[in-house]
Amino acid sequence: MTALLSARGLCKEYGKGDALVRAVDDVDLDVAVGETVAIMGPSGCGKSTLLHLLGGLDRPTRGEIELAGSRVGQLGERALARLRRDAVGFVFQAFHLMDELTAAENVELPALLAGRSPRAARRRALELLDRTGLADRARFLPSALSGGQRQRVAIARALANDPAIVLADEPTGNLDSAATLDVLRLFDDLHRAGQTLVIVTHDSRIAATADRLISMRDGEFTDETRLTGGTAGSLGKLAGLEG
Amino acid sequence: MGRLTLISRLAARDLRHRPVQAVLLLLAITAATVTLTLGLALNGVTSGPYLRTKAVTNGPDVTASVWPSAGEQPERPPSRDGLTALETASGAVAHSGPYPVASATLRARGHTVPVQAEGRDEALAAVDQPLVTEGTWVRPGGVVLERTFAQALGLTVGGRVSLNGQSFHVTGLAVTAAVPEYPGVCFFLSCNAYNGQAQASDMGMVWLTQAAARSLGTSATPLGYVLNLELSHPADGAVFVNTHSLAGPSSQSSAMTTWQQIQNADNDLVSVAQQVLTPGGWLAVALAIASVAVLAGGRMTEQTRRVGLLKAAGGTPALVAAVLLAEHVLLALVAAGAGLGIGWLTAPLLSSAGAGLLGAPGAPALTAGTAGLVVAVALGVTLAATLVPAVRAARTSTVSALADSARPPRRRALLIAVSALLPVPLLIGLRLIARRPRRALLGAASTAVTVTGIVAVLAAHHAYDLVAGRFDWFAGLSDPVSGRVSQVMAVLTVVLLTLAAVNTVIAGWATALEARQPSALARALGGTPRQVSVGLAAAQVLPALPGALAGIPLGIALFAVANSGGVVSVPPASWLAAVVAGTLAAVAALTALPATLGARRPAALILRSEVA
């Protein structure tokens, strides 16, 4: 399969000398189109940092990243922003919704930033909210939504510009079990629809929905497992998803 | 006592922890208090130099003059009978004169100026003997110029002038308390202006021998006469004037002037400075309130967690409010002291009575009233800007405060909907405004105040140009009064612009800080750093536009009020357009740095820290 995302020798260091910390240490990664990759590890192992590097939200100290045919390291800030706009959708643990915007206004924001007409952006936002089961919550402010609903709004927002890849950083970290299940189902739907996903998580139920599971510790990949059948198999049932 | 120690300790620690903000606060309030102190301190400061001049020259308590009425065709000079009668009037104990006064035209150094040419004896007079500060007193062939007039002409001893075509050399420069210094010689319309010259603001004063003065009088330009009187009770000049009359035939005009009136006229130089500084001081106060409101509001937001800790430890809302207010009150008191000190020290620069009086006024007296008012204003500015945020913070629930949950932004549905129609930077800017409308209002108000001040200054300049052009005042000579006004307006403009710049920078930084999460999110979602930084700048420039436009009519109105209903002056449209454009450009430039820095920090770091 063609690699949509490819990283070689990726490193991210903070501090100097005795205080030097390698949050990401010489990581190689390939993600194919349509693949779901889960990265698991304990807190502080560098998985969120890795995700930020892959999405161009931060610059690596060393290494190369190629995303959707572009060498991320060679891009200026403007080109990087365009890449994020067109090729990447981000889902954050803390949702990062704008408190003063309704669900629809939050979802349409990336489309407006991309210069789409307000009408087209709103139409797309309503489609995505319908897809995530929140059509009747379009006019609600985040304060009026549950945690799970907010995360679904965030996922809808990540899909606003039809990105090539969605990067999710602990998407269920702040959610209860029921909300986690809702989000799980949503990711499963995306996976079935052929969306390329990289999900950082410490929740094994989420990891179980992936095609590939990578374990990470102290900034390095320690293990990689191909999960046969993904959500269609026994692991999917274990995760609570219908097979 | 323990509470007081706690409050003092916390206030001092916080000031040390954020020194830049403390300095900015201090600067803003001090600028306002300095301007206000200057305006208040200039009250009556020229009384010293005038009284000194009067004492040295034995200046008259009352001057009485007669001159031929304009338009009449007198067959002979005006009668001196009335003046002679005053010499022995009840209350008068000494006199000099009557002296002949010719209405003449002086030509020198390319200037043509109307003058009052007073004929005097070479011997010293008992009453009103002008003090020669350079050269010598009158002698044949020579003329002595009033010192301010000489400065305006650029003449010194040894120069040459012509009076009605007759040539004289300048033998001396002198000061007098008998007439207001140039250009106020005809301030009380008591000049001999028979030859059709307006009793206007451009008469100069010269002295020459009596014979020379008489030679300047002709049947076409008859002489007038002036008498100088010393009274037994100098304070009763007004009573003397009201009691005695100089009325004569219709072919002659007359006037009597007291020394108190002349002193007030000489105060013109300083009173015009006051007329500019006092309203200017209040403009500076308004700007200071805006600065303090933004800075203090930001500081209090940063102390939310501290509020929670104090309350959790048993602090009452009153104690919490006292802690929050204490550092600002302390800064206000320091600023008041600094403003009083700087204003008092710099007042002499603006209180100089001009070349026509002796000596400098020295530092004005700092009265308890002035000090009290300035301190009250400084405290008022601070409390106006900080009381509401402090009380609000003190009322925050302990749990919310400990969680350090920031005040949620406002939702402005209309602005959000409108912003969606705009290009991305304006979308970002308008949405930032919608989050914190109060800060945008403060920004607009601050710009309005600044532009009001600048437009008022322009209106004053334009009014002067209009009137000078219409009346050809001062015959091309420099006018000390307008020079002083220009000086003061320049100082005031600098103060207002400095305050406005401080305001803009503070607001820019506050906006960039408050908007770091939405800015980072916008970049994470695909906004370029340039779009975000332009958006941050737009959040400042957009409110500045209506503020700048509102400042135009307000500035015109302010000048009209300060001018006591005189000439209504509307500066040319090109000037006003330049002010608006310049203001917006300055706001954009001053906010560019915080906006650019705000857009450069890696989005991941900001978003992560917002979670932590």
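Quick note on labels: first sequence line is chain A, next is B, and so on, each numbered from 1.
Contacts of Thr102(A) with chain B are made by both backbone and side-chain atoms, with heavy-atom separations under 4.5 Å.
Counting non-hydrogen atoms of neighbouring residues, nucleotides and ligands closer than 6.0 angstrom, the CG atom of Asp28(A) exceeds 12 such neighbours. Heavy-atom neighbours of Arg8(A) CZ from other residues, nucleotides or ligands within 6.0 Å: above the threshold of 12. Counting heavy-atom neighbours within 6.0 Å of Arg412(B) CZ, excluding the residue itself, gives a total above 12.
The structure places CZ of Arg411(B) at 11.5 Å from CG of Asp99(A), a figure rounded to the nearest 0.5 Å. Remark: Phe90(A) CZ to Leu525(B) CG distance equals 9.5 Å, nearest 0.5 Å. Separating the CG atom in Asn106(A) from the CG atom in Leu521(B) is a distance of 8.0 Å, to the nearest 0.5 Å. Once rounded to the nearest 0.5 Å, the distance linking CG of Leu57(A) with CG of Leu607(B) reads 7.0 Å. Atoms CZ and CD, from Arg435(B) and Glu100(A) in turn, are 4.5 Å apart once rounded to the nearest 0.5 Å. Interatomic distance, CZ of Arg78(A) versus CD of Gln531(B), reported as 8.0 Å (0.5 Å rounding).
Taking every heavy atom of both residues into account, Ala81(A) and Gly527(B) meet most closely at CB-O, 3.5 Å. Listed here is the closest heavy atom pair of Met98(A) and Pro518(B): CE-CB, 3.4 Å.
Highest contact tally toward chain B, considering only Arg119(A), Arg82(A), Arg157(A), is held by Arg157(A) [criterion: heavy-atom pairs under 4.5 Å]. Most heavy-atom pairs under 4.5 Å with chain B, from the set Leu109(A), Leu112(A), Asp86(A), Leu83(A): that is Leu112(A). The most heavy-atom pairs under 4.5 Å with chain B, out of Arg122(A), Glu105(A), Glu108(A), come from Glu105(A). Of the listed residues Leu80(A), Asn161(A), Thr49(A), Val88(A), the one with more heavy-atom pairs under 4.5 angstrom with chain B than any other is Thr49(A).
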> Taking it one step at a time, do Glu77(A) and Arg530(B) satisfy side-chain contact (heavy atoms from CB on, under 4.5 Å)?
Replying inline: CA-CA 9 Å; Glu77(A) 284 298 327; Arg530(B) 188 177 170 79; over 6 Å; no

